[in-house]
2 protein chains.
Amino acid sequence: MTARKTKYLSLAERRAYHSLEDIVGCKWSAGVVASIARGVRRPGELERYIPGISKKILNERLRKLTDYRVIERQEIPDRVKHVEYRLTPTGEKLAHLIEQLQELGQQHLDSLPG
Amino acid sequence: MTARKTKYLSLAERRAYHSLEDIVGCKWSAGVVASIARGVRRPGELERYIPGISKKILNERLRKLTDYRVIERQEIPDRVKHVEYRLTPTGEKLAHLIEQLQELGQQHLDSLPG
DNA sequence: CGGGGTGGTTACCGTTTTGTGCCCACTTAC
DNA sequence: GTAAGTGGGCACAAAACGGTAACCACCCCG
């Protein structure tokens, strides 16, 4: 980050980040993105894959992520309801950043004295 | 993210991210880190630089970030109280990721139809 | 038919998190 | 003395968030 040190953090900057902060920021979101990135695409599958997440929260996140165009929802024709979510290009980049965040967190933890 | 698709998201993975999620995750945190990365080092300065943040939240974040060793607090000898915060190595890496997150968010917003 | 799977919603309630305002001690300038 | 700036704390109200559980419609199998 280049030290610009303008008077304020611009509104645009705050909002730009905010759109992704809303995603990375709330509980489970990063896990959902990371899971989809790993190929877990169906809601029920995600629910089982991410231990502890509730149906409600999972759906809330999926909807939000879809609204942000970070993932895409597609219904697959079948006799049984079949839905799959996949990452959009932005979603993939986001997943990559989340992964780096996870790695950084891990390294950091390992380096702590306590 | 390589598609491993193990049965579950491991606890370690969830926790590793959690340590940084606690930082990136809560409101204002990213802004504080980004601001410090830009050279805004003093509490009062940060308060003015980040429009809308409250004294309380700012202090809470500074304390949390300090606890996590993402930033360091130093009192500078002066007749007047003079405190400065700066990023630790991890903090700089984190700031870099946050910056990328902001950029990605910005690009993404620009690319949206609506 | 009942039981189980799919995907999804809603109401309710408790906990967390934010935000507001007031307070502290200290120093400097007026 | 008074005002304003430094860094910081606390109590409280307001808002956001999460978790539980019930419920919907649909389809399939036995």
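What's counted below: heavy atoms across the whole structure, side chains too, no hydrogens, waters or symmetry copies. First the proteins, then the strands, lettered A, B, ... as listed; each starts at 1.
With sequence neighbours left out, B:Glu84 forms a side chain to side chain contact (heavy atoms under 4.5 Å, CB included) with B:Arg41, B:Arg42, B:Gln74, B:Ile76, B:His82, B:Arg86.
With contacts defined as side-chain heavy-atom distances shorter than 4.5 Å, the pair A:Leu58/A:Trp28 does not qualify.
Side-chain atoms of B:Ser29 do not come within 3.5 Å of backbone N or O of B:Val24 as any donor-acceptor pair. For B:His108 (side chain) and B:Glu103 (main-chain N/O), no donor-acceptor pair under 3.5 Å exists by modelled atom type.
Distances were taken from every side-chain heavy atom of A:Lys27 (C-beta onward) to each of D:dG18, D:dT6, C:dT6; the shortest belongs to D:dG18. Nearest nucleotide to the side chain of A:Arg42, out of C:dT18, D:dG7, C:dG7: C:dG7. Each of C:dT18, D:dG7, C:dG7 was ranked by its minimum atom distance to the side chain of B:Lys81; first place goes to D:dG7. Which of D:dT6, D:dG9, D:dG18 sits closest to the side chain of B:Asn59 comes down to D:dG9. Here the nucleotide nearest the side chain of A:Arg79, chosen from C:dT18, C:dT6, D:dC28, is D:dC28. In the set C:dT18, D:dG7, C:dT9, the nucleotide with an atom closest to the side chain of A:Arg63 is C:dT9.
Atom CD in A:Glu45 sits about 9 Å away from atom P in C:dG7, given to the nearest Å.
Where B:Lys55 and A:Lys55 meet DNA chain C, the nucleotide closest to each residue was compared, and A:Lys55 sits on the side nearer the 5' end. Nearest-nucleotide mapping onto DNA chain D: of B:Pro43 and A:Val80, the residue sitting toward the 5' end is B:Pro43.
The side chain of A:Arg48 contributes an N or O atom lying less than 4.0 Å from OP1 or OP2 of C:dT6.
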